[in-house]
Asker: 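Before I ask anything, here is the structure I am working with.
Note that the structure is a prediction, hence the values are computed from the model and not measured. Along the sequence shown, residues are numbered consecutively beginning with 1.
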Amino acid sequence: MSEQRRGTFVFQALLLFLFAFWLFAFHTGDASLWDVDEPNNAQALKEMMLHHNLVVPTFSAALRPDKPILNYWLMWAGVRLLGMNSWGLRIGSVAMGALLVFYLALALRRLYGDQTALLAGLLTATALHSQIIFRAAVPDPLLILFVAIALISYLRGYLYPEEERRGVLIACSAMGLATLAKGPIGFLLPGLIIVIFLLLRRDLPNLWRNGHLTWGIPLFLIITLPWYLAVGVETHWVWDWLFVDQQNVDRYAVAMQGHHGPVYYYLFTIALALLPWTIFLPQTFAELWRRRSTLLRQTPADAFMLVWAITWVAFFSLGATKLPNYVWEAYPALFVLIAARLYAALNQTQPLSRRGVFLSLGALFLVGVALVVLGVWLVPEQIPPLGDMMATLGLPYIIAALLALLFAWRGLLLPVISSLGAGTIALTACLMLLTVPAMDTLKPSATMGRMIRASEGTQPYAIATWRWFEPSFLFYGGRGTMPVHQLKNLQELYRVLADGQGTAYLALPAQDIPAVRAQLSKTLRVRELYSGYELYSRKYIALLRIRNSSPLEHNKAVSILPEPW
């Protein structure tokens, strides 16, 4: 391949990287954090930074064994660059998404060719779920990136002997980083995928034949063990035990926090997550099925991608706890297979069924119509303050589908793909400019936090909640490493007042205010600062400022506790 052609390809890949970074960063930092994961991670980072300890995660002064350390370090870098705000906390995820797109373009080039590699990157950048996961201060973007690097590097090393040693070492390093991002899943599932692929190829000894694991396994351990050992030593192994037992074994065996679903749960979430490119999955799988008898021998890269996607989805389908983002790591393989199918149609080696294209675009049109109908009918009923704002999300798919149908009628596939990509960009614009700002007004924690800071300045205070709690209230309303007191009875409020040197802020459902006022001592001064509708609980949440009327009464507060409520 000529140097000029190589340079042109790298330039195109860089343009794709910049496009993906811009798309994921578009108004990403303008909205407050989304409960519960983002503020949990953000508050833990804030406490770690104030404790000058970037080893042990804590939340509200308690150990937080939910996730390993790598995402905290990524957020720390963003915060140092842009501040402790939504931009600083999320910019790392934006960068990971853009790097994934860039990596896919570069790494797939030898496996599938220039155009398929670039197309796979484009599909990844413009899929619906990409607009969500790569805008969030969560560890998933790290896991997605490093799992993709691990599996594609191994595949390249397996198929091209001159890359074998390098491929294995990169794969082991990437699995180590994935394990620092999300835990054992970072090496167990990629390892399982590789083993299943080799078993199907009847080539399992390849895993150890040339001795590359002799260097790969120690490299993996050098990357992962130092932090896991450090956090274990500092917490007397409590963090490690809780992480493995609660956040891995229990989460797989028992549905946690109400996140459950049937075994076919991910069939529906994948169909939505890959939009608009989901519409090409039927013809993609039909072509793979047609070649099933020769797939492993003649096109091992396609077989590997298929094993990758099926294994990852099947593993989490059998788990008790289910969330849409659990199977995102399977999407790069699906994007590659779709891109390869589309390129085969573009160069006329395997044209798409004309009838299939019409049916697919018709399905996308119906998805858009469904979103409009739900936005006009269901959302105003369930979340009245939003009105019919959500209806705008269906319009880009409707327009893109109609435009693509026009091009499909004329037999022009490339404009069809371009129309769908443009529809995704339009959807992102509607989402970030209209829907997210409207929904942000229904997240009261940031507003309550601003009110608390404006009222108190540098004066001491404490915060508490009654019959309501979201982690974002602690992040926005707390100061430093201040904990939030989740009251079980109103007697505890007097101890909260003591912690706050006579001043406390209580967040609670607005409907409970009369009953709470009736139960509090008349010596307390209670003022309602705020009341607003909340998206998550679908209730009006209020903020009360409660103060002792005098220092003497503050000292006597514990002795005048009312009867428990």
Side-chain angles (χ1 to χ4, degrees), residues 17 20-26 28-29 31-34 36-59 64-104 124-125 129-150 170 173-187 220 222-228 230-231 239 243 247 325-326 328-329 332 471-472 475:
F17 166 80
F21 191 94
W22 168 80
L23 188 62
F24 298 149
F26 184 71
T28 288
S32 60
L33 301 179
W34 297 87
V36 295
D37 291 336
E38 283 196 300
N40 271 330
N41 296 329
Q43 178 63 26
L45 174 66
K46 183 165 71 169
E47 294 182 21
M48 292 167 72
M49 292 177 68
L50 290 168
H51 287 140
H52 302 288
N53 184 338
L54 291 179
V55 174
V56 181
T58 61
F59 179 88
R64 184 170 191 260
D66 296 52
K67 297 294 182 291
I69 200 65
L70 194 58
N71 186 52
Y72 297 117
W73 291 346
L74 181 66
M75 291 191 302
W76 172 83
V79 165
R80 291 297 300 269
L81 181 66
L82 300 175
M84 182 63 77
N85 51 49
S86 297
W87 278 111
L89 293 164
R90 292 169 174 160
I91 197 65
S93 293
V94 170
M96 293 304 103
L99 285 173
L100 173 67
V101 171
F102 186 59
Y103 173 78
L104 290 176
T124 303
H129 205 180
S130 295
Q131 312 314 312
I132 300 171
I133 201 70
F134 296 123
R135 299 173 184 275
V138 294
D140 299 88
L142 285 162
L143 182 65
I144 293 165
L145 174 63
F146 292 125
V147 165
I149 292 175
I170 292 175
S173 300
M175 288 186 208
L177 293 169
T179 304
L180 281 179
K182 208 73 181 281
I185 202 70
F187 71 89
F220 169 85
I222 288 171
I223 291 172
T224 56
L225 279 185
W227 177 76
Y228 279 99
V231 72
W239 191 97
F243 174 64
Q247 300 301 321
N325 56 299
Y326 282 2
W328 215 109
E329 290 73 19
S472 56
F475 177 74

Asker: Scan residues 67-87 for pairs that pass salt bridge (charged side-chain N to carboxylate O under 4.0 Å, His left out), counting only residues two or more places apart or in two chains.
Answerer: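 Listed by first then second residue: nothing to list.
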
Asker: List the steps and the verdict of side chain to side chain contact (heavy atoms under 4.5 Å, CB included) for T28 and S86.
Answerer: CA-CA 8 Å; T28 288; S86 297; over 6 Å; no

Asker: Which residue pairs satisfy the salt bridge (charged side-chain N to carboxylate O under 4.0 Å, His left out) criterion with at least one member in residues 50-59, sequence neighbours excluded?
Answerer: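 Residue pairs with at least one partner in residues 50-59: there are none.
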
Asker: According to side-chain hydrogen bond (donor to acceptor under 3.5 Å, both in side chains), who are the partners of E38, at least two apart in sequence or on a separate chain?
Answerer: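 Expected list: R90.
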
Asker: Compare every heavy atom of A136 with every heavy atom of P141, then report the nearest pair and how far apart it is.
Answerer: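 Where P141 meets A136 most closely, the heavy atoms are CG-O, 4.5 Å.
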
Asker: For S130, which residues count as a side-chain hydrogen bond (donor to acceptor under 3.5 Å, both in side chains) partner, sequence neighbours excluded?
Answerer: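 Testing S130 for side-chain hydrogen bond (donor to acceptor under 3.5 Å, both in side chains), a comparison that skips the adjacent residues, returns none.
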
Asker: Which residues satisfy the ring pair (Phe, Tyr, Trp, His ring centres under 6.0 Å) test with Y103, sequence neighbours excluded?
Answerer: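 Listed in chain order: nothing, the list is empty.
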
Asker: Could you list the residues that satisfy side-chain hydrogen bond (donor to acceptor under 3.5 Å, both in side chains) with D140, not counting sequence neighbours?
Answerer: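 For D140, the residues satisfying side-chain hydrogen bond (donor to acceptor under 3.5 Å, both in side chains) (neighbours in sequence not counted) are K182, N325.
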
Asker: Under the ring pair (Phe, Tyr, Trp, His ring centres under 6.0 Å) rule, collect the residues that match up with F187, sequence neighbours excluded.
Answerer: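 Applying ring pair (Phe, Tyr, Trp, His ring centres under 6.0 Å) to F187 gives F220.
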
Asker: Which atom pairs, donor and acceptor, lie under 3.5 Å between side-chain atoms of residues 45-57 and protein residues at least two apart or in another chain?
Answerer:
unit_1	atom_1	unit_2	atom_2	d
K46	NZ	Q43	OE1	3.4
K46	NZ	F475	O	3.0
E47	OE1	T58	OG1	2.8
E47	OE1	S60	N	3.4
E47	OE1	A61	N	3.3
E47	OE2	Q43	NE2	2.9
E47	OE2	S60	N	2.7
H51	ND1	E47	O	3.1
N53	OD1	V55	N	2.8
N53	OD1	V56	N	3.2
N53	ND2	E234	OE1	3.1

Asker: Identify which one of W22, F21, W328, F26 satisfies the ring-ring contact (aromatic ring centres under 6.0 Å, His included) criterion when paired with F134.
Answerer: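 Going through W22, F21, W328, F26 one by one, the ring-ring contact (aromatic ring centres under 6.0 Å, His included) with F134 is satisfied by W328 alone.
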
Asker: Ring centres of Y72 and W76 under 6.0 Å apart?
Answerer: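 That pair fails the under 6.0 Å test.
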
Asker: Considering residues at least two apart in sequence or located in another chain, which fulfil the ring pair (Phe, Tyr, Trp, His ring centres under 6.0 Å) criterion with Y228?
Answerer: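 Scan of Y228 (ring pair (Phe, Tyr, Trp, His ring centres under 6.0 Å), adjacent residues dropped) gives none.
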
Asker: Let me confirm one number: the CG-CE distance from L99 to M96, rounded to the nearest 0.5 Å.
Answerer: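 Answer rounded to 0.5 Å: 5.0 Å.
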
Asker: Could you state the interatomic distance from CD1 (I132) to OG (S93), rounded to the nearest 0.5 Å?
Answerer: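 Between I132 CD1 and S93 OG, I get 13.5 Å after rounding to 0.5 Å.
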
Asker: Is there a side chain to side chain contact (heavy atoms under 4.5 Å, CB included) between N40 and D66 once you walk through the steps?
Answerer: CA-CA 10 Å; N40 271 330; D66 296 52; 5.7 Å; no

Asker: Apply side-chain hydrogen bond (donor to acceptor under 3.5 Å, both in side chains) to T179 and list each qualifying residue two or more places apart in sequence or on a separate chain.
Answerer: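 Partners of T179 by the side-chain hydrogen bond (donor to acceptor under 3.5 Å, both in side chains) criterion come out as none, since no residue qualifies.
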
Asker: Using the test ring pair (Phe, Tyr, Trp, His ring centres under 6.0 Å), find all partners of F243 that sit at least two apart in sequence or belong to another chain.
Answerer: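 With sequence neighbours excluded, F243 shows a ring pair (Phe, Tyr, Trp, His ring centres under 6.0 Å) to W239, given in chain and number order.
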
Asker: Would you find a donor on one side and an acceptor on the other, under 3.5 Å apart, between the side chain of E329 and the backbone of L145?
Answerer: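 Pair absent, no side-chain N/O of E329 close to backbone of L145.
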
Asker: Could you list the residues that satisfy side-chain contact (heavy atoms from CB on, under 4.5 Å) with L82, not counting sequence neighbours?
Answerer: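 By the side-chain contact (heavy atoms from CB on, under 4.5 Å) rule, L82 matches W87, I91.
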
Asker: Rounded to the nearest 0.5 Å, what separates atom CG in L180 from atom CG in L225?
Answerer: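 With rounding to 0.5 Å, CG (L180) is 9.5 Å from CG (L225).
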
Asker: Side-chain contact, heavy-atom cut-off 4.5 Å: V101 with F17?
Answerer: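 Sidechains of F17 and V101: no contact.
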
Asker: Please walk me through it: do F146 and M175 pass side chain to side chain contact (heavy atoms under 4.5 Å, CB included)?
Answerer: CA-CA 7 Å; F146 292 125; M175 288 186 208; over 6 Å; no

Asker: Which atom pair, heavy atoms only, marks the closest approach of N41 to N71?
Answerer: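 Minimum heavy-atom separation between N41 and N71: ND2-ND2, 4.1 Å.
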
Asker: If I compare all heavy atoms of L33 with all of A42, which pair ends up nearest, and what's the gap?
Answerer: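 That closest heavy-atom pairing would be CD1-CB, 3.6 Å.
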
Asker: Looking only at atom types and distance, does a side-chain atom of T224 sit under 3.5 Å from a main-chain N or O of G176, one as donor and one as acceptor?
Answerer: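 Checked: no pair found.
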
Asker: Kindly compute the distance separating CD1 (I149) from CD1 (I144), expressed to the nearest 0.5 Å.
Answerer: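 So the CD1 of I149 and the CD1 of I144 are separated by 12.0 Å.
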
Asker: Measure across G183 and P68 and return the closest heavy-atom pair with its distance rounded to 0.1 Å.
Answerer: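 What the structure gives for the nearest pair is N-CG, 3.6 Å.
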
Asker: Is T124 close to L104 at the side-chain level, that is, under 4.5 Å between some pair of heavy atoms?
Answerer: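 When only atoms from C-beta onward are counted, T124 and L104 do touch, with a gap below 4.5 Å.
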
Asker: Closest heavy-atom contact between G88 and N85?
Answerer: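 So the two residues come closest at N-OD1, 2.8 Å.
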
